[in-house]
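Each remark here refers to the structure printed beneath this line.
By convention in this document, chain letters (A, B, ...) are assigned in the order of the sequence lines, proteins followed by strands, and residues within each chain are numbered from 1.
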2 protein chains.
Amino acid sequence: MEIQGLPGRLLAHLGPAIASGELPAGTVLRAEELEAQHGVSRTVVREAVRILESMRMVEPRRRVGITVRPRGDWDVFDPLVIRWRLAGAGRSEQLRSLGSLRVAVEPAAAALAARHASDDDRRELGALAVELTVTARAADLESFLAHDIAFHAAVLRASGNEMFAHLKDTVGAVLTGRTEHHLMPHRPRDYAVQLHREVAEAICAGDPELAERAMRTIVVGALEELDATLTD
Amino acid sequence: MEIQGLPGRLLAHLGPAIASGELPAGTVLRAEELEAQHGVSRTVVREAVRILESMRMVEPRRRVGITVRPRGDWDVFDPLVIRWRLAGAGRSEQLRSLGSLRVAVEPAAAALAARHASDDDRRELGALAVELTVTARAADLESFLAHDIAFHAAVLRASGNEMFAHLKDTVGAVLTGRTEHHLMPHRPRDYAVQLHREVAEAICAGDPELAERAMRTIVVGALEELDATLTD
DNA sequence: GTAGACCCAAAGGTATGACTTATTCAAGCC
DNA sequence: GGCTTGAATAAGTCATACCTTTGGGTCTAC
């Protein structure tokens, strides 16, 4: 999954530095400097920079240097970009953007899942809903988070749409970030758990409208809590 | 925007070859072969392969070679991947996936736009709706397409959500592909144009529900026409 | 004084050879 | 049979040389 080797290391420095605004748009890096600063060869620097270029975060130009591009140009759907932004400054804005995206996508995915889910999918969703109920009652936040992520991933996958399915890691990152940064109540709210059960039941029963409505209530609620909690 | 130089050329060969299934999952490429086949140096091959790796389309492994990864692993939101898939085999599947994504995102974007659009945004949307009406009446498909793309891009941008805004190129690619491959009626349908006007009016009037409903009708209609037209 | 042609230096882009490291596979050993 | 060991292989890294583009300064002509 991760980029391997030295270019990966370099990327792990440059990416977050750019994403956090530490290296603002317009900053000019020079390949030679990067070599010296990180003690790596030309090859390594070039490969890392190429990757950043493919994410539209930098633009290398002859006789000028490697220019950091404005945030609006970045590939905001790239998993690495999302992770970097969630890690540092700009986390709130990223969480809000992702929140809106979830409001758009997850209800649609739930509706599709109610139509197209396989029997295995339905079984899995049912089981996960049970797990959620149990871990919520036990106030076991860690297990609850794991099952919550698995639940949303299962719905996205069951939708049968590959693009929705690929958002599972992103949604997982949002849920993880929310718990890690204590934006969650100490004990999952009962009505939220109840809504998850409703989604599972609606998908199992093949009721797209109900599945969509219940899922929308979940993600709208999550977005509203987010807005209420984030201060910046 | 494009990756420059020789790595870009190499990418323009390898990417489509993988995306189209010409190089199926599990295919093992060797760096040395790629150098010989394309008459470029290791440097160039490595950079191109690194980019493909960052898109999760290949996985270089020592003592093995550069393995093509299964389609399910690819970064399906990467603009290059989308373009490559739209260009060759798998175009239908890509269009369907994108169609569902539009159904999820664009109505939500329209609703947000009705709340948050600036005065300039509203003016632009009004003007574009007029242009759409005129070019549709004149059956000027080329201009109609351009304005259609601009219209949807404007709605996405006016939503104020950066992630929605970034889907404009993707939506544009879908609309372009639809026209290029003659999946469109020779003359834009009147009711479709009327719906675009409704969206613009609703956003100008600040009516999220109406904007969302009208936009949903548009994209659902587009998806249904797509499903009816695509044979594979 | 301004506009244009021209030239040079600076920075990325490419090529290449030597070397390093990880990993697979198989032969050999217990 | 399972474990160790070793050699072969392909990617990974480094250092160096050279190519190509381009921004900017200079010089010239008007």
Item to complete: For DNA chain C, note the earliest and the latest nucleotide, 5' to 3', having some atom under 4.0 Å of a heavy atom belonging to chain A.
Response: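 Answer, 5' to 3': C:dA9 to C:dT14.
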
For [X], which residues count as a side-chain hydrogen bond (donor to acceptor under 3.5 Å, both in side chains) partner, sequence neighbours excluded?
X	value
B:Asp120	B:Arg123
A:Gln94	none
A:His147	none

Worksheet item: In B/S/- notation, 5' to 3', how is nucleotides 3-12 of chain D contacted by protein heavy atoms closer than 4.0 Å?
Response: -----BBBSS

Sequence neighbours left out, what passes salt bridge (Lys or Arg N to Asp or Glu O under 4.0 Å) with [X]? Give chain and number order.
X	answer
B:Glu162	A:Arg85
A:Glu35	A:Arg42
A:Asp121	A:Arg157
A:Arg30	A:Glu32, A:Glu33

Fill in: Of all pairs that satisfy ring pair (Phe, Tyr, Trp, His ring centres under 6.0 Å), the ones with a partner from residues 51-76 of chain B, not counting sequence neighbours
none

Worksheet item: For A:His116, what residues pass the ring-ring contact (aromatic ring centres under 6.0 Å, His included) criterion, not counting sequence neighbours?
Response: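 ring-ring contact (aromatic ring centres under 6.0 Å, His included) check on A:His116 returns nothing, list empty.
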
Worksheet entry | Sidechain N-carboxylate O distance under 4.0 Å for B:Glu47, B:Arg50 | no

Worksheet item: How sharply is the helix from C:dG1-D:dC30 to C:dC30-D:dG1 bent, taking the axes over five pairs at either end and rounding to 10 degrees?
Response: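 Roughly 10°, once rounded to the nearest ten degrees.
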
